[in-house]
2 protein chains.
Amino acid sequence: MKASVVTIEPNGHFCSDCAVRDFAVCSSLDPAELREFEHLGRRVLFDGGETVFSEEDSTTSFYNLLDGVMRLYKLLPDGRRQIVGFALPGDFLGMNISGRHNFSADAIGGVTVCQFAKAPFGRFVESRPHLLRRINELAIRELSQARDHMVLLGRRSADEKVATFLLAWRERLFLLKGASDTVQLPMSRQDIADYLGLTIETVSRTFTKLERHGVIEIVQGGISLLDPAKVEALAAA
Amino acid sequence: MKASVVTIEPNGHFCSDCAVRDFAVCSSLDPAELREFEHLGRRVLFDGGETVFSEEDSTTSFYNLLDGVMRLYKLLPDGRRQIVGFALPGDFLGMNISGRHNFSADAIGGVTVCQFAKAPFGRFVESRPHLLRRINELAIRELSQARDHMVLLGRRSADEKVATFLLAWRERLFLLKGASDTVQLPMSRQDIADYLGLTIETVSRTFTKLERHGVIEIVQGGISLLDPAKVEALAAA
DNA sequence: CGTTGGATTGATTTAAATCAATTTTAGTGG
DNA sequence: CCACTAAAATTGATTTAAATCAATCCAACG
């Protein structure tokens, strides 16, 4: 987290006109609480490629992603990387019990987060069980996704992995921005490979194979789903 | 869940002499709460191989594992299986937000659970934020383990997978029952394979390879860790 | 324009899967 | 207690999906 690239808007932002207001953690707060909550968080910007927090870091903050995409990953000592998820606006990051983040988080492209210092946030939650319930809900949802991803990593072929990824990513973008058959892929092929437990070459080959079969079209910054049904068949639910 | 093999002890059990009392969800309850809590759960026994709940089932109960080992898994339509975890005494099962279990759970060998009907349990938690916090803590801990397992599934070799599994399983048994270099493995080789994203043959070969190298000894119902340091080196933290 | 990092494509290798027997263990009934 | 069966585990031979090695290719950018 280089100070040079971090811009802090000292104040002048309001939860009431926050883009993720309705589906982030804070959706459980009433207007009065929201006004108090407003003072706890501050918007921080990161450039693409910047690390927001690292696995070994002791947790000093929680983050609510407001804008942009992040990759969440773990590294093995020899440098092998597993991306455990991609974060999109509305996602809440930093929950842990060990006092340390258990994964690292990089901005992919520019990112805006709402950052909360651990202690005051903790105190705020303390007295608001409905917020705690909301946080718990998010944790359980993530757990369910994590288990789905274990199945993908442990038991699916490269073709199935890629097809499943494209559909799931499209679905997330759909929930965020509405329907579109053009699926923006802001992450690199290497990121996709590290998410799916594959190599960059295998991901690339699978993309071109899908394109040759007329199932997708590789476009600038993403892909276009020409035959969603075929992709679903490949993903073999 | 065949009724024939399920034995319900109608009453006559007390939280105060429960084996998992100190490290399960209920560890957050004070004596007065515990007496109330006692009436919510009832002990249920399952035989080895019995299914306690299935992925598609709508959730009607939560479970606290009191005794025995369970495998938690997901199936693909074509029968491929990924075991997402093994449950040991003290583990709390059934949390979800969709109203459906998102994995299935089988008893491995005989099992005793403390079963809670969803609604009364939910009402009990409602008014006890410290219990909710405890549940949240368990969910976050599981999430962290799930991410570790993703790294294993996506980025580790067969040798590393097996070595990592043996160490992690030993550690869990250690926390439960104290130190021992004999590691009981109540699950089958197929279970281990489905947990590690391998085939039974690869698991078997890896075990014999470790034995040939004098690192472990395969014994009745488990393995003996002859050279823990060597196994740790193989696991390559 | 030339440089550079990301992506693609092709040739080859390899780790693990698959296929195919045994062997070992556990369970059952005489 | 022992013979018989069935399931689980091991071992070996062979195949294969994906990794690795090795060039390009391409798009962005100073």
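In what follows, chains carry the letters A, B, and so on, assigned in the order in which the sequence lines appear, proteins first and then strands, with residues in each chain numbered from 1.
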Would the number of heavy atoms belonging to other residues, nucleotides or ligands and lying under 6.0 Å from CD of A:Glu56 be above 12? yes

Can you tell me how far P of C:dA7 sits from CE of A:Met187, to the nearest Å? 11 Å

Here the pair of heavy atoms bringing A:Arg147 nearest to B:Glu142 is NH2-OE1, 2.8 Å

Restricting to non-hydrogen atoms, name the atom on A:Met150 and the atom on B:Met150 that form the minimum distance, rounded to 0.1 Å. CG-CG, 4.4 Å

B:Asp67 vs B:Arg43, test: salt bridge (Lys or Arg N to Asp or Glu O under 4.0 Å). Steps then yes/no. CA-CA 10 Å; B:Asp67 189 50; B:Arg43 288 184 195 194; over 6 Å; no

Evaluation steps, side-chain contact (heavy atoms from CB on, under 4.5 Å), between A:Phe62 and A:Leu93: CA-CA 6 Å; A:Phe62 301 116; A:Leu93 303 172; over 6 Å; no

Within residues 205-213 of chain A, residues whose heavy atoms come under 4.0 Å of DNA chain C: A:Arg205, A:Thr208

With rounding to the nearest 0.5 angstrom, report the OG to NZ distance, A:Ser61 to A:Lys118. 10.0 Å

Outermost nucleotides of DNA chain D that come under 4.0 Å of a non-hydrogen atom of chain B: D:dA9 to D:dA13

Nearest atoms (heavy-atom pairs only) where A:Thr112 meets A:Leu65: O-CD1, 3.4 Å

For residues 197-204 of chain A, which residues have at least one heavy atom under 4.0 Å from DNA chain C? A:Glu201, A:Ser204

Hey, does the Lys NZ or Arg CZ of B:Arg71 hover above the aromatic six-ring of B:Phe86, less than 6.0 Å from the centre and inside 45° of the axis? no

Can you tell me how far the NE2 atom of A:His213 sits from the OG1 atom of A:Thr208, to the nearest 0.5 Å? 10.5 Å

Give the ring-plane orientation class for B:Phe53 versus B:Phe103, where under 30° counts as parallel, over 60° as perpendicular and anything between as tilted. tilted

